[in-house]
Amino acid sequence: VCSSDLTTFTMSNNANKPNPKTSFSLSELLKEEKESIDCLVEPILPRCGLAALIGSSDSGKSTLLRQLAASIVSKKPFLLWKTKSVQGKVLYISTEDEPEAISYLVKRQNKCWQLNAEAQERLEFVFDSDSLMYELNRRLHCERFDLVIIDSLSDVFSGDINRMDVMREQLRLFNQMAIRNRSLIVFLHHTRKSSDSDAPSKHNAIGSQGFEAKMRVVLELRRNVNNSDLFHLCIVKGNYLSNEYKRASYDLTLTSDLCFEYTGERTPIECLMPVIVPTCEKPKRGKTSQEKKDEVIRLYNLGLNAKSICEKMQLGRTRVYEILSEYRKQS
């Protein structure tokens, strides 16, 4: 969907809505009673606007965002932070996984979430389609959601992602939707391949600098290079957060049910530069067909989606889907 189509739909859908006030005197602003920013996840995620979770293809981003969604609909804490949902409703736009795969993953995660029937109904997944953007606009016009997750940005973005004017224009339209509906829209987005050797940063996101500039909050999730069981959640941009939240990562582990848990430890950002210990091992032989199959299943059980597995193992999408389909039938 091109930005002009999105603009036309947004304008027509909002034709009968009263325009929000956009001009305020200093006197009016000073009379506002609020002393702090209204938050959805206190204090890291604002009530409305745009935010992003960035990371490499095997860092667990989708797994963490599904956990965030569960926290909002259940009104329970997200990791160590309190949630403050109003409607308790989340819309999850999934463009990289089919319903069968998501069904398998959320069944595992719900062993940890323990969502009741009412909360389950408040978390809705919308899968990739030709009318995805139209459907998103329609739903936000008709219903109020505390949180909208778009997994991932690259599949709803049209045009050159490296052009600042294109990036800012399309994100402006998303921001209008978020503000008008008092929702927080969180994008899953990828980091540059070269960023794995850099410290966590808002500049690691793929594409134009206009992306991070439009985000109120940017989180980066990465796996520890020397300990695959340890993850680092870094707040690399937070417009209204003190440096205390941004100076060090929040260190996480992943349970067998694909739920992240905070270890209580934090690692200074400057200490997250990869330190790779060289080895004298002989070059490994190529994997056999069975070894490739076992590796696909292992990565899937770690929470990676089919697209990420294809990229990581350099296997065809058809082959990966065949392996996962056979595995799920046997499970």
query = Within 45° of the ring axis of Y250 and under 6.0 Å from its six-membered ring centre, is that where the NZ or CZ of R266 lies?
reply = yes
Might you point out which heavy atoms bring [X] and [Y] nearest each other, and give the distance in Å?
X	Y	value
F127	L132	O-CD1, 4.0 Å
L53	K61	CD2-O, 3.6 Å
D97	A101	OD1-CB, 4.0 Å
N175	L50	OD1-CG, 3.7 Å
V166	G159	CG1-CA, 4.4 Å
L115	A70	CD2-O, 3.8 Å

task = Just say parallel, tilted or perpendicular for the rings of F211 and H189, cut-offs at 30° and 60°.
result = tilted
request  = On the 0 to 90° scale, with breaks at 30° and 60°, tag the F125-Y92 ring pair as parallel, tilted or perpendicular.
outcome  = tilted
query = Among L219, L65, D151, whose side-chain contact (heavy atoms from CB on, under 4.5 Å) with V186 holds?
reply = L65
Heavy-atom distance under 4.5 Å between the side chains of [X] and [Y], does that happen here?
X	Y	value
K292	V296	no
L68	V41	yes
S56	H190	no
R223	S228	yes

Indicate whether the side chain of [X] and that of [Y] have a donor and an acceptor atom separated by less than 3.5 Å.
X	Y	result
D251	S249	yes
R216	N239	no
N116	Q120	no
Y134	R138	no

State whether the number of non-hydrogen atoms from other residues, nucleotides or ligands found under 6.0 Å of [X] atom [atom1] is greater than 12.
X	atom1	value
Y245	OH	no
E322	CD	yes
K312	NZ	no

Lys/Arg N to Asp/Glu carboxylate O, R222 vs E220, below 4.0 Å = yes
inquiry  = If hydrophobic clusters are built from ILVMFWY residues whose side chains come within less than 4.5 Å, do I235 and L79 share one?
reply    = yes
ask   = Would I161 and V218 show up in the same hydrophobic cluster when neighbours are defined by side-chain heavy atoms closer than 4.5 Å?
value = yes
task = For side chain to side chain contact (heavy atoms under 4.5 Å, CB included), just list the numbers for T253 and F231, CA-CA rounded to whole Å, side-chain angles, deciding distance to a tenth of an Å, and then say yes or no.
result = CA-CA 6 Å; T253 56; F231 298 78; 5.9 Å; no
